Amino acid sequence: RADQHRFARNISQQTERLHHLIERLLVLARLEQRHDEFVRQSVDLVAIINTLMEQRHSLIVSKQLVVGNTLPQTLALHAEPFWLAQALGNVLDNAIDFCPQGGQLRLSVVTDTTCIQLCIDNEGATIPDYALPQVFDRYYSLPRPNGRKGTGIGLTLVKEVMTRHQGRIDVRNVANGVRVLLVF
């Protein structure tokens, strides 16, 4: 009986992982098939982030994460709203997944006359040195602290979205965690 439950749980987890992989592959394929430029419009970057954080509120609460948010009340950006939200959602999902129970997420922004730099820090284990050059490779994924692996599509999609926005993404280890920097 215990073996049946364990097998059923494993099948359920693998089915969920495949479902997420297929969803992300379809989103990435849809993005890659777009040969035209994004139709950009003025969007409020902070409003998009706030919406994404609200959608993840129950997970943040269940992990007892502390969110440090020093974002301004509004921040206008010229972007394609759907793809921007997809990219930001992937970055936030990773930050939350890799942040330990009771850990801290920090959201901040630096603006100047040439660019907007969105910084998302998560407290916790750093990325192994051998993995840093590979984090944007399709299907490359490190195991999450809960032992599960991601699809390896998320950061590939983020990099493509940032490139299409003439921006860039940088992922690096910092003193007590990982920093993702999105430069628009």
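From a predicted model like this one, the values you see are computed outputs, not experimental measurements.
The line from CZ of Phe82 to CD1 of Ile48 is 12.0 Å long, rounded to the nearest 0.5 Å. Note: Leu52 CG to Gln86 CD = 9.0 Å, rounded to the nearest 0.5 Å. With values rounded to the nearest 0.5 angstrom, Ser108 atom OG is found 7.0 Å from Arg179 atom CZ. Taken to the nearest 0.5 Å, the CG atom of Leu181 stands 6.0 Å off from the SG atom of Cys119. A distance of 9.5 Å separates CG of Asp121 from CZ of Arg172, quoted to the nearest 0.5 Å. Between Leu84 atom CG and Leu77 atom CG the span is 6.0 Å, to the nearest 0.5 Å.
Nearest heavy atom pair, residue Asn69 against residue Leu71, reads OD1-N, 2.8 Å. The two residues Ala131 and Tyr140 make their nearest non-hydrogen contact at CB-OH, 3.3 Å. Minimum interatomic distance between Met162 and Arg168 (heavy atoms only, all atoms of both residues): CE-O, 3.4 Å. Taking both residues in full, the closest heavy atoms of Leu65 and Cys99 are given as CD2-SG, 3.8 Å, listed atom of the first, atom of the second, then distance.
Using a 4.5 Å cut-off between side-chain heavy atoms of Ile, Leu, Val, Met, Phe, Trp and Tyr, with links allowed through other members, Val161 and Val183 fall into different hydrophobic clusters. Follow the hydrophobic side-chain contacts under 4.5 Å out from Leu92 and you reach Leu59 in the same cluster. Val67 and Val61 are not part of a single hydrophobic cluster, where members link through side-chain heavy atoms under 4.5 Å apart. Both Val91 and Leu132 belong to a common hydrophobic cluster when Ile, Leu, Val, Met, Phe, Trp and Tyr are linked at side-chain heavy-atom distances under 4.5 angstrom.
A distance-only check finds no donor-acceptor pair linking the side chain of Gln134 to the backbone of Asp137 [under 3.5 Å]. Between the side chain of Thr70 and the backbone N or O of Leu107, at least one donor-acceptor pair lies under 3.5 Å. Not one N or O on the side chain of Lys63 forms a donor-acceptor pair closer than 3.5 Å with the backbone of Pro100. A distance-only check finds no donor-acceptor pair linking the side chain of His78 to the backbone of His165 [under 3.5 Å]. A donor-acceptor pair under 3.5 Å is absent between the side-chain atoms of Asn173 and the main chain of Val178, judged by distance alone. Between the side chain of Thr156 and the main chain of Phe136, a donor-acceptor pair closer than 3.5 Å is present.
Heavy atoms of other residues, nucleotides or ligands lying less than 6.0 angstrom from CD of Gln73 number 12 at most. For Asp129, the CG atom counts as loosely surrounded, since its 6.0 Å shell holds 12 or fewer non-hydrogen atoms of other residues, nucleotides or ligands.
When each of Leu142, Ile120, Leu155, Val158 is tested with Asn94 by the rule side chain to side chain contact (heavy atoms under 4.5 Å, CB included), just one qualifies, namely Leu155. Partner of Leu118 under the side chain to side chain contact (heavy atoms under 4.5 Å, CB included) criterion, chosen from Val180, Leu75, Leu88: Leu88.
Side-chain contact between Ile96 and Asn122 is absent, with no heavy atoms from C-beta onward closer than 4.5 Å.
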- Item | side-chain contact (heavy atoms from CB on, under 4.5 Å) evaluation trace for Asp93 with Arg56 | CA-CA 8 Å; Asp93 288 342; Arg56 289 151 179 80; 2.6 Å; yes
- Message: Apply side-chain contact (heavy atoms from CB on, under 4.5 Å) to residues Met53 and Ile60 and explain how you reach the verdict.
- Response: CA-CA 9 Å; Met53 292 297 284; Ile60 290 168; 3.6 Å; yes
- Task: Apply side-chain contact (heavy atoms from CB on, under 4.5 Å) to the pair Arg164 and Trp83, showing each step before the final yes or no.
- Result: CA-CA 10 Å; Arg164 299 256 181 135; Trp83 291 111; over 6 Å; no
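With sequence neighbours excluded, the residues that form a side-chain hydrogen bond (donor to acceptor under 3.5 Å, both in side chains) with Gln104 are Arg106.
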